[in-house]
Visitor: 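I'd like to ask you about the structure that follows.
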Amino acid sequence: MISLVVPTYNERANIARLVERAGAALAQCGEEYELIIVDDGSADGTGEEVQRLAADGRPWLRLLERVYERDLSTAVVAGWRIARGDVLGCMDADLQHPPELLPRMIAELRGGPADVVVGSRHVSGGGVSEWSVWRRFVSWTATLMADFILPGTLGKVADPMSGFFLMRAEVIGSAALNPIGYKILLEVLARGKYQRVAEVPYIFEERAVGGSKMNARTAVQYLAHLVRISLDSGEAARIFRYALVGASGAVINVTLALGVFISRFSWPLPLAALGGAGFAMVNNFVWNELFTFRDAHRAQPGGAQLLVRFLKFCAFSVTGVTLSLAAIAGLHYGLHLGFGWSIAAGVFLGGLWNFLMNSNVTWAAWWDRKLLSKAAQPPVPVGDAGGMVYVPCNLCGSREYRVLYAGHAGPAAALTEQAFRCTSLQHGDFTNIVQCIRCGLLYENPREPEEIIETRYEQVEDAVYDREKEGRVRTYSGMMPAIEKYCTQPGRVLDIGCYLGVFLDVARQRGWQTFGVEPSAWAAERTKQNGHEVINAPLRRTNLPAESFDLVALWDVIEHLHDPLGELREIHGLVKPEGIFALTTMDTGSLYAKMCGRRWPWFMRMHLYYFTRGTLARMLELAGFEVLSIERAKRIVSLRYFLEKAAAVLGPVGPLLRLAAMPLGSLFVTVDFGDNMMVIAKKAGQRAA
Ligand code: GDD
Ligand code: MN
């Protein structure tokens, strides 16, 4: 069965013809099929139009409406999640991808060895109808960058930017896809499991109606996506190693040529330069073989292959030098650019060529981009994972997940209360970050049993939080206007996980009656001493009166809860019918989080769930809430605290940063990487006060 996914955003004018032409083409494929339209809250009625078409005798047409997500590639992934077919595919809705090509693509997939069949503009017979030189240049540069980041693609996939392809479902069977922006094929190529990619030519037609939604935001998302793939695949580290080796070669070249051959042996310049370059080339080859591409060397240590690689390396290096010299001459004498800039540009171009060709050709034979797919293998749940427990998805209940980032985990009992402090510095320590197969929620699995987590929170003492209170006061004060927009009169506020009661202090100053719930005995006691009514227990053991609060707040707490949906339902019962519920948490759908990949600092043992705007809105809906607003949430922290956190994340420079941070406790900075969100909600079906 073929499941073809079409992402749409404001495509009402195109959708009827697309459904007609794609339906007709799929019917010709000689097997069962479904067309899944994933619409991201189009304002032009695209969703309604699809429903109308489906109801009109098209059982194979399905619609998935997304509200709080707006992204082409995650829309496609969401469509694949609900797909029933053993062949998955995607294409655009604006008929720039010809549906009539589908029968040929499916024949190629069913009849041949390929696991992925791409509709390609860059194989013979393919092309684009009327693209400006600028759009061609942008597309060419984007492809070149992909070849740079995903060695082994060059020569294997001519159009990795294509948005039109079919694949066997098992290609992404065990892969947790976490794309951003437009380039879904790139994510599949980087994370999927496949042997062969086939390309079928087509002409990318002009859009009949409407305009491309590609803009500066999608360009930035593309760069973020590339950065993440290169970080997660280790390619960024390889580029760094390659540059290091290149630099060592440059040093050898200059030292030998100038220091030895000319000054010591008074060789003529050209001979000295040749000598220096020769030694540098051998040096670079040896180090690249042993250091940069050591996996290739280990896989094929044979003498013959080594020689072939050396010859290829020399050929590409010589061409690279020629290219640099030509660029320098052209820029300096042709375009009258300054000598310094010309040299810099020339060296960069030569280096780009060298890495591109050597990583793709010289060593590509052994570069296995499937490292990512290996990494995505779900670990086999063991009987006893050091006292850890495996849990189902808290949003949809599914027990099926894919590992997005495999971590490491010491035995549960080893974790002390330090790991559960709000100011914990244990960034990047996690068991596994997994993605629910059915709804896409990210969560940690396995994790500590509930009892251990609860005991740890009871024991928490956090002197750093106390030291940094001023930053919180400023942060919460800045958040109040957004809340007061929905609660015009101060009333009874309940802060769940109120810690040292800083938010309650701010609310009391603005006339609110303050109540708190806090599991940490140390923190609850301190808040009580500040005159707030606090219950020292987890929420479900508090027995608070139903529907008795005008505002319930949950600041940076939901991600710590072992049953967030259960807790939200509990909270729903506490909010007055016209009351408001407000929370903050991290946003893993943000550009910054997606760019950092597994290095995103907020992947930590104390965080059990990671939300996007979509999954959080979905969970609130299930708990009976209706979202009123979702905004980026910024924080104000002291420069000292900011640098201490940075020190914990930035490894080797850490100690230096920590030192520098000491005297900066009274300077404050606003931190907003866009990976934090604030949500305000009301009870569904109720009018907010
Ligand atoms: N659900 C959803 N959400 N769909 C979206 C979004 C979004 O945020 N943005 C765009 N789309 C849909 C459009 O409605 C259209 O159906 C499709 O994605 C492609 O959008 P275009 O804006 O028309 O893209 P393009 O023509 O510039 O580029 C396309 O072709 C290139 C060449 O194959 C894309 O497919 C590119 O990825 C591809 O490289
Ligand atoms: Mn288009």
Side-chain angles (χ1 to χ4, degrees), residues 1-12 14-16 18-20 22-23 26 32-94 97 99 102 163-167 169 172 175-182 184-185 187-188 213 393 395-398 400-402 435-442 588-589 611-622 626-627 630:
M1 175 177 191
I2 308 167
S3 297
L4 184 65
V5 173
V6 175
T8 56
Y9 186 64
N10 292 342
E11 296 290 355
R12 188 194 173 100
N14 284 313
I15 206 71
L18 169 92
V19 167
E20 190 198 323
L26 287 167
E32 268 193 287
Y33 59 91
E34 61 180 353
L35 186 61
I36 304 172
I37 310 290
V38 183
D39 186 66
D40 282 356
S42 295
D44 70 351
T46 304
E48 293 81 355
E49 178 66 358
V50 176
Q51 276 161 343
R52 187 187 65 75
L53 291 163
D56 185 18
R58 294 181 184 82
W60 41 268
L61 181 58
R62 300 169 65 188
L63 172 68
L64 175 64
E65 270 291 1
R66 306 196 309 166
V67 186
Y68 288 100
E69 308 259 11
R70 172 87 164 72
D71 184 275
L72 185 158
S73 53
T74 59
V76 173
V77 174
W80 287 338
R81 273 204 202 101
I82 62 165
R84 301 186 195 112
D86 64 320
V87 164
L88 304 175
C90 75
M91 69 180 293
D92 294 349
D94 57 6
H97 298 149
L102 288 165
F164 186 20
F165 59 94
L166 297 179
M167 65 185 165
I172 56 166
L177 303 179
N178 192 27
I180 183 167
Y182 265 42
I184 176 63
L185 178 57
E187 183 77 1
V188 170
K213 276 88 187 179
C393 170
L395 181 55
C396 73
S398 166
E400 292 181 276
Y401 60 81
R402 294 175 180 141
Q435 185 184 55
C436 171
I437 280 189
R438 272 229 324 261
C439 71
L441 181 73
L442 295 189
T588 46
F611 294 91
T612 64
R613 293 179 177 217
T615 50
L616 184 55
R618 179 94 192 89
M619 193 177 271
L620 284 162
E621 210 182 290
L622 285 177
E626 191 183 312
V627 172
I630 304 190

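These figures come from a predicted structure and were not determined experimentally.
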Visitor: Between Arg84 and Glu34, is there a side-chain N and carboxylate O pair less than 4.0 Å apart?
Guide: yes

Visitor: Can you name the closest pair of heavy atoms from Gly47 and Asp39 and give their distance?
Guide: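 The pair with the smallest heavy-atom distance is N-OD2, 4.2 Å.
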
Visitor: Looking at Lys213 and Glu11, is any side-chain nitrogen of the basic one under 4.0 Å from a carboxylate oxygen of the acidic one?
Guide: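 Counted as a salt bridge, because a side-chain N and a carboxylate O are separated by less than 4.0 Å.
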
Visitor: Test your reading of the model: is there a side-chain donor-acceptor pair from Arg81 to the backbone of Val76, 3.5 Å cut-off?
Guide: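 Side chain of Arg81 to backbone of Val76: no pair is present.
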
Visitor: Should the ring pair Phe165 and Trp80 be called parallel, tilted or perpendicular, given that the plane angle runs from 0 to 90° and is split at 30 and 60?
Guide: perpendicular

Visitor: Check whether Glu187 reaches the backbone of Asn178 with its side chain - one donor and one acceptor, N or O, closer than 3.5 Å.
Guide: yes

Visitor: Check the pair Leu166 / Leu4 against side chain to side chain contact (heavy atoms under 4.5 Å, CB included), numbers first and verdict last.
Guide: CA-CA 8 Å; Leu166 297 179; Leu4 184 65; 4.1 Å; yes

Visitor: Locate the shortest heavy-atom distance separating Ile36 from Ser3; write the atom from each residue and the value.
Guide: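 What the structure gives for the nearest pair is CD1-CB, 4.5 Å.
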
Visitor: How far apart are the closest heavy atoms of Gly181 and Asp71, and which atoms are they?
Guide: N-OD2, 2.6 Å

Visitor: Atom CG of Leu18 and atom CG of Leu35: how far apart are they, to the nearest 0.5 Å?
Guide: 6.0 Å

Visitor: More than 12 heavy atoms of other residues, nucleotides or ligands under 6.0 Å from CD of Glu626: is that the case?
Guide: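 Yes, because the 6.0 Å sphere around CD of Glu626 holds more than 12 heavy atoms from other groups.
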
Visitor: Within this structure, what is the SG-CG distance for the pair Cys396 and Leu441, rounded to the nearest 0.5 Å?
Guide: 8.0 Å

Visitor: On a heavy-atom basis, which atom in Pro7 and which in Leu72 lie closest, and how many Å separate them?
Guide: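 Pro7 and Leu72 have their closest heavy atoms at CG-CG, 4.0 Å.
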
Visitor: Please report the shortest heavy-atom distance between Glu65 and Gly41, naming the atom on each side.
Guide: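 Taking Glu65 first and Gly41 second, the nearest heavy atoms are OE1-N, 3.6 Å.
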
Visitor: Keeping the roles fixed (side chain from Arg613, backbone from Glu69), state whether a donor-acceptor pair exists under 3.5 Å.
Guide: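 Flag not set: sc Arg613 to bb Glu69 has no pair under 3.5 Å.
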
Visitor: In plain terms, say whether Arg66 and Asp40 are close enough for a salt bridge, that is, a side-chain N and a carboxylate O under 4.0 Å apart.
Guide: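 Salt bridge between Arg66 and Asp40, a charged N being under 4.0 Å from a carboxylate O: yes.
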
Visitor: Between Asp92 and His97 (side chain of the first, backbone of the second, donor and acceptor by atom type, cut-off under 3.5 Å), is there such a pair?
Guide: no

Visitor: Would you check if Val38 and Val6 make a side-chain contact, meaning some heavy-atom pair closer than 4.5 Å?
Guide: no

Visitor: For a 4.5 angstrom cut-off between non-hydrogen side-chain atoms, does Met91 reach Leu102?
Guide: yes

Visitor: Atom CG of Leu61 and atom CD1 of Ile37: how far apart are they, to the nearest 0.5 Å?
Guide: 5.5 Å

Visitor: Under the 3.5 angstrom rule, does the side chain of Asn10 hit a backbone N or O of Ala43 as a donor-acceptor pair?
Guide: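 A pair under 3.5 Å: yes.
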
Visitor: Quick one: pull up CG in Leu442 and OG1 in Thr612 and give me the separation to the nearest 0.5 Å.
Guide: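 Answer for the CG-OG1 pair, Leu442 versus Thr612, is 7.5 Å.
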
Visitor: Distance from Ser42 atom OG to Glu49 atom CD, nearest 0.5 Å?
Guide: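 Output value for this atom pair is 12.0 Å.
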
Visitor: Can you confirm whether Arg70 sits close enough to Tyr9 that some side-chain heavy atom of one is under 4.5 Å from a side-chain heavy atom of the other?
Guide: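 In short, these two side chains touch, coming nearer than 4.5 Å.
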
Visitor: About how many Å separate CD1 of Ile172 and CE of Met167, when rounded to the nearest 0.5 Å?
Guide: 4.0 Å

Visitor: Can you confirm whether Ile82 sits close enough to Arg62 that some side-chain heavy atom of one is under 4.5 Å from a side-chain heavy atom of the other?
Guide: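 Contact flag for Ile82/Arg62 side chains = yes.
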
Visitor: Taking all non-hydrogen atoms of both residues, which atom of Ser398 and which atom of Glu400 are closest, and how far apart?
Guide: OG-N, 2.9 Å

Visitor: Can you tell if the side chain of Val19 reaches within under 4.5 Å of the side chain of Trp60, non-hydrogen atoms only?
Guide: yes

Visitor: So, using side-chain hydrogen bond (donor to acceptor under 3.5 Å, both in side chains) as the criterion, who are the partners of Glu20 when residues are at least two apart?
Guide: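 Per chain and number, Glu20 pairs via side-chain hydrogen bond (donor to acceptor under 3.5 Å, both in side chains) with no residue.
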
Visitor: State, yes or no, whether a side-chain contact exists between Met1 and Tyr33 at a heavy-atom distance under 4.5 Å.
Guide: no

